[in-house]
> 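Please see the structure below; I have some questions.
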Protein chains: 2
Amino acid sequence: MADQNEIYVGKKPVMNYVLAVVTQFNQGAKEVHIKARGRAISKAVDVAEIVRNRFITDAKVKEITIGTEEVQGENGPTKVSAIDIVLVRE
Amino acid sequence: MADQNEIYVGKKPVMNYVLAVVTQFNQGAKEVHIKARGRAISKAVDVAEIVRNRFITDAKVKEITIGTEEVQGENGPTKVSAIDIVLVRE
């Protein structure tokens, strides 16, 4: 298993992503990246907080980075914000 | 003027907050905190990215912290995620 695991947060219910992250940690991952773009960014923060507060209480936020990505929209390329939240288990 | 300036991102259009942050920097602020809760978190990231990419190009993200806050909802207290993005001008 790779050391770097990534969960992309999108339109599904928040608990789907929480369980995906918890599963990664329980399978031995040392750190998990929670990534999202656009409006899903708020949900990515929810995922990180729910994982830390309710499921993996020894997980910590190692780093949070934000950036801008270009995506293909209906009217050509548009820019969206993106986030990457890195949770680590001590 | 205090060294620590805070902009709370809410329901107004994103450019309102962008201009508020830009104004703080142009008035001499060394760092500005962009704060939001719940669904406004995505907009706070947009604000930080637009400020950095279009207006204050020497501004950098110093730190991003996330947390959980309790707010009074219609059905008693509920928990919401929160973010604090610190932009600094070098």
Side-chain angles (χ1 to χ4, degrees), chain A residues 7-19 21-22 31-71 73 77-89, chain B residues 7-19 21-22 31-71 73 77-89:
Chain A
I7 303 292
Y8 284 86
V9 175
K11 296 186 176 176
K12 293 179 193 163
V14 67
M15 288 309 289
N16 290 39
Y17 304 107
V18 169
L19 291 178
V21 174
V22 170
E31 65 178 59
V32 177
H33 288 248
I34 302 168
K35 295 185 165 200
R37 296 198 291 205
R39 294 203 193 151
I41 288 174
S42 304
K43 198 185 286 179
V45 174
D46 288 339
V47 171
E49 286 295 297
I50 293 170
V51 168
R52 284 202 306 145
N53 292 330
R54 285 204 241 157
F55 293 97
I56 315 278
T57 49
D58 56 346
K60 290 195 166 53
V61 176
K62 180 185 174 190
E63 193 180 15
I64 302 173
T65 53
I66 59 174
T68 302
E69 297 178 2
E70 204 162 83
V71 294
T78 46
K79 289 181 176 178
V80 291
S81 299
I83 198 166
D84 181 1
I85 304 168
V86 187
L87 287 187
V88 290
R89 192 172 204 171
Chain B
I7 303 293
Y8 285 86
V9 175
K11 295 185 176 176
K12 293 178 193 163
V14 66
M15 288 309 288
N16 290 39
Y17 304 107
V18 169
L19 291 178
V21 174
V22 170
E31 66 178 56
V32 178
H33 289 248
I34 303 168
K35 295 185 165 200
R37 296 199 292 204
R39 293 205 193 149
I41 288 174
S42 304
K43 198 185 286 179
V45 174
D46 289 339
V47 170
E49 286 296 297
I50 293 169
V51 168
R52 285 202 307 147
N53 292 330
R54 284 204 243 157
F55 293 95
I56 315 278
T57 50
D58 56 346
K60 289 194 167 54
V61 177
K62 180 185 174 192
E63 192 181 15
I64 303 172
T65 52
I66 58 174
T68 302
E69 296 179 2
E70 205 162 82
V71 294
T78 47
K79 289 180 174 179
V80 292
S81 299
I83 198 166
D84 182 359
I85 303 168
V86 187
L87 288 187
V88 290
R89 192 172 204 171

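In what follows, chains carry the letters A, B, and so on, assigned in the order in which the sequence lines appear, proteins first and then strands, with residues in each chain numbered from 1.
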> Please look at A/A44 and chain B and tell me whether the side chain, the backbone, both or neither of the residue comes under 4.5 angstrom of a heavy atom of that chain.
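Neither part; nothing is under 4.5 Å.
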> Under 4.5 Å from any heavy atom of chain A, what part of B/R37 do you find: side chain, backbone, both or neither?
neither
> Ignoring hydrogens, what is the shortest heavy-atom contact between A/V45 and B/S81? Give both atom names and the distance.
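Nearest heavy atoms, A/V45 then B/S81: CG1-CB, 3.6 Å.
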> Do you know the tightest heavy-atom contact between A/S42 and B/G38?
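Closest approach of A/S42 to B/G38, heavy atoms only: OG-O, 3.3 Å.
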> Taking side chain as everything from C-beta outward and backbone as N, CA, C, O, which of these in B/I83 sits under 4.5 Å from a heavy atom of chain A? Side chain, backbone, both or neither.
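Answer is side chain: those atoms of B/I83 sit under 4.5 Å from chain A.
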> Quick check: closest heavy atoms across A/G67 and B/E49, and the distance to 0.1 Å?
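Residues A/G67 and B/E49, closest heavy atoms: C-OE1, 3.1 Å.
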> Heavy-atom cut-off 4.5 Å, strictly under: side chain, backbone, both or neither for B/V61 against chain A?
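For B/V61, the side chain is the part near chain A, not the backbone.
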> Looking only at non-hydrogen atoms, find the nearest pair between B/Y17 and B/Y8 and report the distance.
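So the two residues come closest at CE2-O, 3.3 Å.
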> If we define contacts as heavy-atom pairs under 4.5 Å, which of B/K79, B/R52, B/E63, B/R39 has the most with chain A?
B/R39
> Does A/K43 use its side chain to pair, donor to acceptor, with the backbone of A/K12 at less than 3.5 Å?
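Checking the backbone N and O of A/K12 against the side chain of A/K43, a donor-acceptor pair under 3.5 Å is found.
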